[in-house]
J.: 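Okay, here's the structure, questions in a sec.
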There are 2 protein chains.
Amino acid sequence: MAPKTRDLLISAAADLLDQGGLEAVTLREVSHRAGVSHNAPYKHFADKEALLAAVAAKEMTRLGSTFAALEADHSAPEDMLRSAMREYVVWALSYPARFKLVFGTWTTGTEELAMAAESSRTILIGLVGTAQRAGVLPSGDVERTAALLQAVVHGAVDLALSGHLAIGGKGHASPEDLVDDLLRHLRISATAATHRKS
Amino acid sequence: MAPKTRDLLISAAADLLDQGGLEAVTLREVSHRAGVSHNAPYKHFADKEALLAAVAAKEMTRLGSTFAALEADHSAPEDMLRSAMREYVVWALSYPARFKLVFGTWTTGTEELAMAAESSRTILIGLVGTAQRAGVLPSGDVERTAALLQAVVHGAVDLALSGHLAIGGKGHASPEDLVDDLLRHLRISATAATHRKS
DNA sequence: ACCTGAACACCGTTCAAGT
DNA sequence: ACCTGAACACCGTTCAAGT
């Protein structure tokens, strides 16, 4: 079936976001690309922010799906975790404006985005729990360990996007490098704790 | 001496940023608060983005200064490092809009901001080097280790600001918690390497 | 239920003119 | 060198009206 106006608006907004960043997303241009008048969006969304929230929610849902697919792979726990982190990095670097939008400042509470984010977070926590039981991540609160991992990927990617990461220097600290470094140190920390116990 | 128009514009912009976020920063309102006409800013800045870049540069310089002050304290290396991370967190949570601005997407290259950021990064690298020599951080490329630390604070703070950090749950993963967790694991990792060597 | 055209208030930017 | 008032193009949002 042909996509409805609402979906056309969301897609057009996402395209404009990729092409020219958030400032390029005008309700008028979005409407034009969807083939409707410049105020038709108000029949589908409360305002511009509600449309952007729909784009963000869709994006977050997609990220959660790739995490879920990884879980079904049944590869080694640390590889699964590293793959999830890499998906996060690739997604953010490929669609920086979408990434910035998803984690941007929302003035109104966006229920749909919050639910999608919670769902993705739950899947990530599952991966972290598995890795903990396999002994490649330190034991301790799962949510907190998952938050530590998400903080590195998220921070590394955001710094890279704003040019505040020393990629040029001898350090060559790409987001992937930093994730690998953290995973390595966490595995060492987990191993040290095990040895102390046994 | 009385502050000149240029400085008044920068201060007014920063105030509006704190009060209502980036969207509240209008050249017209900034001008009004500075007591000049709505197009006077164009005699001091090329355009709106140039004014915002000046605000960002000033902010980044201030952050670098607090880092430098910490270095002069001569306290224990790990404490100095933790204090620097806490300054970063407190600054970002106190002035979220300024934080988002500094690490936002700049369409035009902003030389002033880039230099201030480079300066702050250099100071942080100094702190990291000292901590490495004290054995509380793993050895390895200084810049890369500094980048890992910055990625965690930055990511934790950005996630907290956008509500994607599980503060409510039992994990209670505040940015400060995550920084402490990272420093602890890195110290363990550093210690494990030392023991292996000796 | 969904869409349109006209209209309003607001904004960034430019320009001619003033001191 | 710095500032002003008028003007232009553009944008988000609202409203009355159409099917």
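In what follows, chains are A, B, ... by sequence order, proteins preceding strands, each numbered from 1.
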J.: Going by salt bridge (charged side-chain N to carboxylate O under 4.0 Å, His left out), name the residues that satisfy it together with B:Lys48, two or more places apart in sequence or in a different chain.
T.: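 B:Lys48 satisfies salt bridge (charged side-chain N to carboxylate O under 4.0 Å, His left out) with no residue once adjacent residues are dropped.
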J.: Sequence neighbours excluded and cut-off under 3.5 Å, please list the side-chain donor-acceptor pairs for residues 83-91 of chain B, or say none.
T.:
unit_1, atom_1, unit_2, atom_2, d
B:Ser83, OG, B:Asp79, O, 2.9
B:Trp91, NE1, B:Glu59, OE2, 3.1

J.: Partners of A:His164 by ring pair (Phe, Tyr, Trp, His ring centres under 6.0 Å), sequence neighbours excluded?
T.: B:Phe103
J.: Roughly how far apart are B:Arg28 CZ and B:Thr26 OG1, rounded to 0.5 Å?
T.: 9.0 Å
J.: Checking side chain to side chain contact (heavy atoms under 4.5 Å, CB included) between A:Leu178 and each of A:Leu165, A:Val153, A:Leu183, which is the one that passes?
T.: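 The single option meeting the side chain to side chain contact (heavy atoms under 4.5 Å, CB included) with A:Leu178 is A:Leu165.
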J.: With side chains defined as the heavy atoms from C-beta onward, is the minimum distance between B:Leu63 and B:Phe99 less than 4.5 Å?
T.: no
J.: In dot-bracket form, how is DNA chain D paired, counting a Watson-Crick or G-U wobble pair only if both its distances are under 3.5 Å and using | for bases paired to another strand?
T.: ||.|||||...|||||.||
J.: Could you tell me if the side chain of B:Leu22 sits less than 4.5 Å from the side chain of B:Leu52, heavy atoms only?
T.: yes
J.: Mind running a 4.0 Å heavy-atom check of residues 13-23 of chain A against DNA chain C and sending the residues that fall below it, in number order?
T.: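 Heavy-atom contacts with DNA chain C come from no residue of residues 13-23 of chain A; none.
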J.: Along nucleotides 1-14 of chain D, 5' to 3', which nucleotides get a B, which get an S, and which get a -, given that the test is a protein heavy-atom distance under 4.0 Å?
T.: --BBBBB---BBBB
J.: Could you check whether A:Asp15 pairs with A:Arg33 (Lys NZ or Arg NE/NH1/NH2 to Asp/Glu carboxylate O, under 4.0 Å)?
T.: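 No, no charged N to carboxylate O under 4.0 Å.
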J.: Do the charged groups of A:Lys4 and A:Asp7 touch, with an N to O distance under 4.0 Å?
T.: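 Between A:Asp7 and A:Lys4 there is no salt bridge, as every charged N stays at least 4.0 Å from the carboxylate O atoms.
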J.: Quick check on the hydrophobic clustering: are A:Val128 and A:Val136 connected, directly or via other members, by side-chain heavy-atom contacts under 4.5 Å?
T.: no
